[in-house]
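Working notes, beginning with the structure itself.
Reckoned from all heavy atoms, side chains included, excluding hydrogens, waters and symmetry mates. Keep in mind that this is a model prediction, so the values were computed, not measured.
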Amino acid sequence: VGLRSVGALGAILGGVVIEYAGIGTAIVLASVGYALAAVSTAFIQYPGPSGERPEGSVMQNLASGFRLVLGSGILLPVLMLAIVAEAFGYGMLSVFPILADEGVYDVGAIGLGLMNGAFGVGGVVGAMFLAALPDLSRKGAALIGVMVFTGLLLIALSFSSVFGAA
C-alpha cells in the first residue's frame with residue numbers, strides 16, 4: 001500500500017514538474033531523490049543473519065520452492081493470478097503516454113501524471129479492500145472479482161474518448 005501511495009503521488013507530482021519546469025528538472029529532482037535514498041540506505045545497520053542458513057545448494061532450494069508452490073492448493077492459483085495481472089494490468093502503463101498525447105486526450109504531462117497516479121490509487125484501494133475482508137476463505141473470490149473489475153475498466157478505457165472518464 002505504501003509503495004502504491006508513493007508511486008501515485010510521485011506520478012502526479014512528476015507530471016506537474018514536467019509540465020511547468022521541463023523534463024530536465026524532473027530528471028534532476030528524481031536523481032536527487034535517488035541519491036538521498038542511497039545515502040540514507042548506507043546508514044542502515046545490518047545485524048547479520050538471525051536464523052539458520054538453509055541447507056543444500058541454491059538449485060536444491062529453488063527446486064524445493066517449486067515443489068512447495070506446485071504441491072500447495074492455493075499458492076499456484078495465486079501465482080498464476082499475479083502473472084496475469086502483471087502481464088495485462090501493468091502493460092497498460094506503457095500505453096498511457098500515447099493516450100495523453102495530442103492524438104487522443106491531449107492532456108500533456110499533467111494528464112499523464114494523473115493517469116499514472118490514478119493507476120496507483122486504484123492499486124491502493126484494491127489492496128485495502130482485500131485486506132479489509134474479514135473472511136479469509138472469500139479473499140480468493142474477491143481477488144478474482146477485483147481483477148475482473150480491473151479488466152472491465154481497461155476495456156472501458158479503450159472505448160473512452162473523454163479524459164475525465166479515462
Side-chain angles (χ1 to χ4, degrees), residues 1-51 53-54 58 61-62 65 69 75 78-133 139 142-143 145-166:
V1 173
L3 181 63
R4 294 270 186 242
S5 300
V6 170
L9 182 62
I12 295 168
L13 290 176
V16 171
V17 169
I18 290 170
E19 187 73 29
Y20 292 111
I23 189 91
T25 303
I27 291 172
V28 167
L29 289 175
S31 299
V32 168
Y34 280 117
L36 289 173
V39 168
S40 63
T41 301
F43 288 104
I44 295 175
Q45 300 281 329
Y46 179 63
S50 59
R53 185 179 172 120
V58 172
N61 288 325
L62 188 61
V69 168
L75 289 179
V78 169
L79 184 61
M80 296 307 293
L81 279 174
I83 290 170
V84 168
E86 290 287 329
F88 294 106
Y90 286 104
M92 188 61 192
L93 289 174
S94 63
V95 177
F96 283 1
I98 298 166
L99 295 175
D101 196 18
E102 297 174 8
V104 183
Y105 297 130
D106 192 23
V107 292
I110 292 177
L112 177 59
L114 288 172
M115 290 172 70
N116 283 314
F119 192 83
V121 169
V124 170
V125 170
M128 291 175 70
F129 170 75
L130 289 175
L133 290 176
K139 286 192 185 204
L143 179 60
V146 166
M147 291 183 67
V148 167
F149 183 67
T150 301
L152 292 174
L153 288 176
L154 290 175
I155 291 169
L157 173 67
S158 72
F159 288 107
S160 175
S161 60
V162 178
F163 175 69

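Taking each heavy atom of Leu112 and Ala100 in turn, the nearest pair found is CB-CB, 3.8 Å.
Legend: residues meeting side chain to side chain contact (heavy atoms under 4.5 Å, CB included) with Ala11, ordered by chain and number and at least two apart, are Asn116. For the side chain to side chain contact (heavy atoms under 4.5 Å, CB included) test, residues two or more places apart in sequence or in another chain that qualify with Ile83 are Leu79, Met80. With sequence neighbours left out, the ring pair (Phe, Tyr, Trp, His ring centres under 6.0 Å) criterion links Tyr105 to Phe163. Residues satisfying the side chain to side chain contact (heavy atoms under 4.5 Å, CB included) test with Ala109, not counting sequence neighbours, are Ile18, Glu19. Scanning for side chain to side chain contact (heavy atoms under 4.5 Å, CB included) contacts around Val148 gives Ile144, Leu152, with sequence neighbours left out.
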Under 3.5 Å, sequence neighbours excluded: what are the donor-acceptor pairs made by side chains of residues 25-36?
unit_1	atom_1	unit_2	atom_2	d
Thr25	OG1	Ala21	O	3.0
Ser31	OG	Ile27	O	2.9

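The OG1 atom of Thr150 lies 12.0 Å from the CG atom of Leu157; values are rounded to the nearest 0.5 Å. Annotation: the span from Asp101 atom CG to Phe96 atom CZ amounts to 14.5 Å, rounded to 0.5 Å.
At a threshold of 4.5 Å between non-hydrogen side-chain atoms, the residues Met92 and Leu99 count as touching.
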